[in-house]
Amino acid sequence: MACLPWQEKPENYEGVIWRYEKNPIIRRNPIKKGARVFNSAVATFGNGFVGVFRVDHKNTKPFLHLGWSEDGINWRIEEEEIKWIDLDGKPFPVNYAYDPRLVRMDDTYYITFCTDDHGPTIGVGVTKDFKSFVRLPNAFVPFNRNGVLFPRKIKGKYVMLNRPSDNGHTPFGDIFLSESFDLVHWGNHRFVMARSNQNWWENLKIGAGPVPIETNEGWLLIYHGVTLTCNGYVYSFGGAILDLENPSKVLYRCKYYLLTPEENYEVCGFVPNVVFPCAALYDEQTKRVVIYYGAADTYVAIAFGYLDQIVDYIKSNSEN
């Protein structure tokens with residue numbers, strides 16, 4: 001397995017999540033046709049890392065591009081977007097695609113992302129080699145965003161977190177869960193958790209972030225929360241622990257955010273005041289967690305933490 005990028009916590013820093021001192025790791029105009037890269041997904045692959053990146057082209061339309069890295073920090077992003085085929089091997093055109101998540105189960109990598117089907121919905125794709133990409137039918141009817149698969153089947157079924165929405169910027173939103181035996185037919189939809197009127201950082205809408213991490217305490221879910229201020233939306237991210245065999249049950253939910261926009265690259269950009277997590281890598285031996293997040297809808301940045309400290313922080317500050 002590739003060695004995860006890492007930087008120790010700064011001296012006298014009190015938080016359980018800390019930023020990489022050389023953020024952002026991907027800046028503006030990384031490829032000829034791309035203006036900005038953010039809200040992207042990363043996984044280990046071979047002796048290095050592979051990424052499925054949201055690249056907003058210079059016409060501001062988003063598409064998914066592959067990226068490669070030896071160290072998880074310095075990335076080479078492919079100039080051309082991912083080309084999809086359907087289950088019959090025919091081209092599957094994509095009108096737009098954004099905010100991907102990437103998870104490996106057995107020898108297959110699954111990509112979920114927001115795409116278009118008479119409005120935003122969740123697209124699902126699979127690959128084994130990152131050379132051929134097969135699109136499955138879209139998971140849900142419009143409107144839906146933030147589709148995040150769990151990294152293993154639960155009671156014999158695939159499980160996906162999602163957030164029903166609308167056709168615009170969605171000034172509302174709660175997290176739900178859906179199940180499937182085959183990644184095609186989805187049902188048994190269940191409510192997981194709602195935005196909070198008590199914690200203003202998440203009082204407008206919430207959405208699942210990276211693929212959940214399995215722990216002895218339950219599934220660690222890092223999720224984003226949004227509030228509306230007199231100066232516009234502010235995106236932060238927090239954490240919750242879900243039951244391992246019934247992940248619609250929230251065991252703990254932290255009332256405080258884990259990270260909120262503070263640095264210049266988070267508060268200034270195409271969309272100010274956004275930290276939006278889409279990927280988290282975990283090393284079981286060292287308990288290290290690396291979080292990849294979009295900053296100000298302009299950059300890719302990373303932050304670090306120790307799993308046990310994150311879980312303890314959520315439990316000790318939980319409202320449950």
Side-chain angles (χ1 to χ4, degrees), residues 5 7 9-10 12-30 35-42 53-56 60 62 73 98-101 114 145-146 148 163 165 169-173 175 195-210 221-240 253-280 289-305 309-310 313-314 317:
Q7 186 175 73
K9 181 187 292 190
N12 299 322
Y13 183 83
E14 295 183 355
V16 294
I17 299 291
W18 60 96
R19 297 165 174 85
Y20 181 46
E21 66 179 8
K22 295 183 179 179
N23 275 342
I25 62 170
I26 301 178
R27 298 179 178 271
R28 293 178 184 265
N29 305 307
R36 294 172 303 278
V37 177
F38 56 100
N39 298 5
S40 300
V42 171
F53 290 93
R54 171 181 175 160
V55 179
D56 281 18
T60 73
I73 294 175
Y98 63 87
D99 296 1
R101 274 70 164 186
C114 187
R145 294 182 172 91
N146 298 301
V148 180
R163 204 274 308 284
S165 61
H169 289 290
T170 314
F172 64 90
I175 297 175
R195 54 198 154 157
S196 171
N197 290 324
Q198 300 301 316
N199 309 325
W200 284 10
W201 67 271
E202 55 175 344
N203 66 356
L204 186 70
K205 54 184 174 179
I206 58 175
L221 173 63
I222 296 171
Y223 66 97
H224 68 264
V226 186
T227 189
L228 180 61
T229 74
C230 59
N231 198 37
Y233 292 155
V234 176
Y235 282 69
S236 307
F237 63 82
R253 179 179 178 179
C254 189
K255 61 184 177 181
Y256 302 127
Y257 54 70
L258 293 171
L259 204 73
T260 196
E262 293 177 350
E263 299 296 325
N264 183 65
Y265 55 86
E266 298 164 349
V267 301
C268 297
F270 190 70
V271 179
N273 298 314
V274 176
V275 292
F276 192 97
C278 278
V289 178
V290 184
I291 301 170
Y292 289 78
Y293 66 96
D297 282 10
T298 306
Y299 311 105
V300 174
I302 55 177
F304 308 103
Q309 293 180 10
I310 297 170
Y313 182 80
I314 292 170
N317 291 286

Which of parallel (below 30°), tilted (30 to 60°) and perpendicular (above 60°) describes W18 and Y13?
-> perpendicular

Parallel, tilted or perpendicular for Y20 and F304, by the 30°/60° rule?
-> perpendicular

Validation row: [X], [Y] side chains within 4.5 angstrom (heavy atoms):
X: K22; Y: Q7; value: no
X: F276; Y: D99; value: yes
X: Y265; Y: T298; value: no
X: V226; Y: V234; value: no
X: I291; Y: P277; value: yes
X: Y292; Y: P5; value: yes

[X] (side chain) donor-acceptor with [Y] (main chain) under 3.5 angstrom:
X: R145; Y: S165; value: no
X: K9; Y: G15; value: yes
X: W200; Y: L228; value: no
X: N23; Y: I302; value: yes
X: K205; Y: R195; value: no
X: W201; Y: K255; value: yes

Could you tell me if [Y] and [X] have a donor-acceptor pair between their side chains, going purely by distance under 3.5 Å?
X: T227; Y: N203; result: yes
X: N39; Y: Y98; result: no
X: S40; Y: R54; result: no
X: N146; Y: R101; result: yes

For residues I17 and A303, report the shortest heavy-atom separation together with the two atoms involved.
-> CG2-CB, 3.6 Å

Considering residues at least two apart in sequence or located in another chain, which fulfil the ring pair (Phe, Tyr, Trp, His ring centres under 6.0 Å) criterion with Y313?
-> none

Taking ring pair (Phe, Tyr, Trp, His ring centres under 6.0 Å) as the test, write out the residues that go with F53, two or more places apart.
-> W75

Got a second to check how far [X]'s [atom1] is from [Y]'s [atom2], nearest 0.5 Å?
X: S196; Y: L204; atom1: OG; atom2: CG; answer: 12.0 Å
X: L259; Y: Y235; atom1: CG; atom2: OH; answer: 16.0 Å
X: R28; Y: I26; atom1: CZ; atom2: CD1; answer: 14.0 Å

Around atom OH of Y256, are there more than 12 heavy atoms of other residues, nucleotides or ligands at under 6.0 Å?
-> no

Quick one: are the ring centres of H224 and F237 less than 6.0 Å apart?
-> no

Verdict with reasoning, E266 to T260, per side-chain contact (heavy atoms from CB on, under 4.5 Å) = CA-CA 9 Å; E266 298 164 349; T260 196; over 6 Å; no

N-O pairing of E202 and R253 below 4.0 Å | yes

